[in-house]
There are 2 protein chains.
Amino acid sequence: MSFADASLTALRVFREVAQRGTLTAAAVALGYTQSAVSRQIASLERAAGTRLLERRHDGVLLTPAGQLVLRRAATVLDQVDATARELAGLPDEHGTVRLGWFASAGAWLVPRALAELHRTHPAITVTTREGSTPALVRALRAETIDLALLAAAPPFRPPDSETPALHLQTLVERSLCVAVPEAHPLARGEFIDVADLHGQRWIAGPTSGEDRLMGVWPGLDERPEIAHTARDWLAKLRLIAAGCGITTVPAGLTGALPSGVRILPVRGGPREQRRLLLARLPKPPAEPVARLAAALRAVAIESDRRSMTG
Amino acid sequence: MSFADASLTALRVFREVAQRGTLTAAAVALGYTQSAVSRQIASLERAAGTRLLERRHDGVLLTPAGQLVLRRAATVLDQVDATARELAGLPDEHGTVRLGWFASAGAWLVPRALAELHRTHPAITVTTREGSTPALVRALRAETIDLALLAAAPPFRPPDSETPALHLQTLVERSLCVAVPEAHPLARGEFIDVADLHGQRWIAGPTSGEDRLMGVWPGLDERPEIAHTARDWLAKLRLIAAGCGITTVPAGLTGALPSGVRILPVRGGPREQRRLLLARLPKPPAEPVARLAAALRAVAIESDRRSMTG
DNA sequence: GCGTGGTATGCGTAGATGTCATGAGCTTCG
DNA sequence: CGAAGCTCATGACATCTACGCATACCACGC
């Protein structure tokens, strides 16, 4: 029994697990039961002769051997799938880029950049997926996506500590803002004082375990009143327009506002910087990947300049 | 059902079949029955949605789709096996070259070149296999060997017509010679006249179907008398030393003669040129492969020079 | 303590993957 | 021409694998 006896399905399952971070999630994604996934991993580990995953109560982590196997599995599966496409007479995927993005980038930056890219390079096809930062990072490592737009807050640590380190590029760095209804008293000025945020009703994101609470201004010295929780930006902004509360937003969202909402910077207190990062594996990107990266960069910078001056 | 559902075993079987040229031979090599191989291929073809092999009465040929799959399968299996080695803590195979050679190169050129290479580059490991020209060509295509020493006779056609064409390099081009016992009347002169070859007793190679008869001087206008057939060079030469007959030999064998045998050129009749070719896939070779190629070239040329002048 | 995440495992079944035996097609040889 | 010898294909059967289901187990948070 050696790794050479591993099966392609096992490699597929393993890649999915590495990407999802959880046997259960991988099972759902693959349409398997959790037990099937558990067994596949067990069999792969038996073939490899080592543990590939470190089991934790909140999911799994890749051991060094697991990282090795993941790298190889990714290229193996890519080869196989490319062969399948080629045999099926489908266009090969060299002109296709897979982009992952975190929720707030989808409202503004991604569509703009795709439109721009389609104008200048119509031959490039882009597929995208939304995901959380850790999900996107895992997807990058599993080579399931080629590029990821990530949000980062101080202290700006790299999003994972595995090797090789991801290639990171800061697209823009902006201050966190607050979105308020146009009719709201806070909406009268050109900025909001941090002291005025006391006692507000907040619209937060879904509380996602380890992550810090999103949507509420950080560092408030009170227990915030969460009036609503929503994941979707459009829902959140509509709730604001309806006067149901206020929430924090990245400055980049300015261009995508529905009527009835104003976005204002906050003065006083520590500056809440947020970075928009473009991440990829450190190896040199294929040409369409580089094109998309360039388009994202261009749109981000241009929109940054416009919102500074406008 | 798509090619993505193919199994690694099927790919392994397919590679072996491509390398052997026959389901039956692949089955023997793999320790399977012929029927198992047949089923595996059938299942792979079902997954691919096309025929990968053209069935012929004397074996199989790869269809264009089959060539595509072979290329991919070779890299996939290489990846998997490399992973297996790495997990097992074995040294990786980057320093290893796999060389294939046809029988008469094994007696002289190969050992000399390996000794030379070991002296100058002790870190490079070489594994070798003997094989017929078509077997070696298939092994090159299946990426089971990195380099092949081939023999070629006029009209010097490329050894296969698949794409991409193999990269071929002529190491030496020499005339076919005849080996005779020292005590033989023909051994008295410095050369043999083609007319004197009439009525001799020949030691031939095993009659291998399509191939022309080896060991007997080509173009004799009589039915030759085959006294013995032998595959092994040492056996053949010993038979000659014992006076049992004569046979044709490539000139390069001169340096590896047992006592009691003389090798002489033949005058009269058309010149029977034989080339020693070094073949590899057209992609740029890894550094150890290039080193071995250089060593083979050097030894071949040097031995050519010595036998011309000596 | 109990509900809610996670993973592991016993059990029964369906399907994949082998072997064996046989068949069908072609070439070679007597 | 017919038998032998080679090829690949295929029906019948055994076995082993890998799945789903149900359950057990463990750690965390309320």
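Chain naming here is simple, since letters A, B, ... match the order of the sequence lines and numbering starts at 1 in each. In this text the structure is predicted, and so the values were computed from the model without any measurement.
Where DNA chain D meets chain B (any atom under 4.0 Å from a heavy atom), the bounding nucleotides read 5' to 3' are D/dT7 to D/dA12.
The main-chain N or O of B/A27 is never found under 3.5 Å from a side-chain atom of B/Q34 such that the two would form a donor-acceptor pair.
Listed here is the closest heavy atom pair of B/D160 and B/R141: OD2-NE, 2.7 Å. Across every non-hydrogen atom of A/G215 and A/T247, the tightest pair is O-OG1, 3.0 Å. Across all non-hydrogen atoms, the minimal contact from B/R15 to B/T144 is CD-OG1, 4.2 Å.
The CG atom of A/L277 sits 8.0 Å away from the CZ atom of A/F156 when rounded to the nearest 0.5 Å.
Each of B/A25 and A/A36 was matched to the nucleotide of DNA chain D holding its nearest heavy atom; the match closer to the 5' end belongs to B/A25.
Residue contacts shown for A/R56 are absent, as no nucleic acid heavy atom lies under 4.0 Å away. Among the atoms of the strands shown, base atoms are found under 4.0 Å from some heavy atom of A/R39. Residue B/T24 is in sugar-phosphate contact alone, with no base atom involved, counting any heavy-atom pair closer than 4.0 Å across all strands shown. Contact annotation for A/G31: backbone-only contact, meaning every heavy-atom pair under 4.0 Å involves sugar-phosphate atoms and none involves a base. At the heavy-atom level, A/T22 lies under 4.0 Å from the strands shown only through sugar-phosphate atoms.
Phosphate proximity of C/dT19 to B/S35: absent, as no side-chain N or O sits under 4.0 Å from OP1 or OP2.
Whole-Å rounding puts the B/Y32 OH to C/dC20 P distance at 14 Å. As rounded to whole Å, 7 Å separates atom P of C/dA8 from atom CD of A/Q34. B/D5 has its CG atom 16 Å from the P atom of C/dG15, to the nearest Å. Rounded to whole angstrom, the span from the CG atom of B/L23 across to the P atom of C/dC26 amounts to 17 Å. The CG-P distance, from B/L44 to C/dG18, rounds to 13 Å in whole Å. Protein atom NE2 of A/H57 is 17 Å distant from nucleotide atom C1' of C/dA8, rounded to whole Å.
A salt bridge is absent between A/R46 and A/D5; no separation between the charged side-chain nitrogens and carboxylate oxygens falls under 4.0 Å.
No hydrogens or angles considered: nothing links the side chains of B/T24 and B/T22 as a donor-acceptor pair under 3.5 Å.
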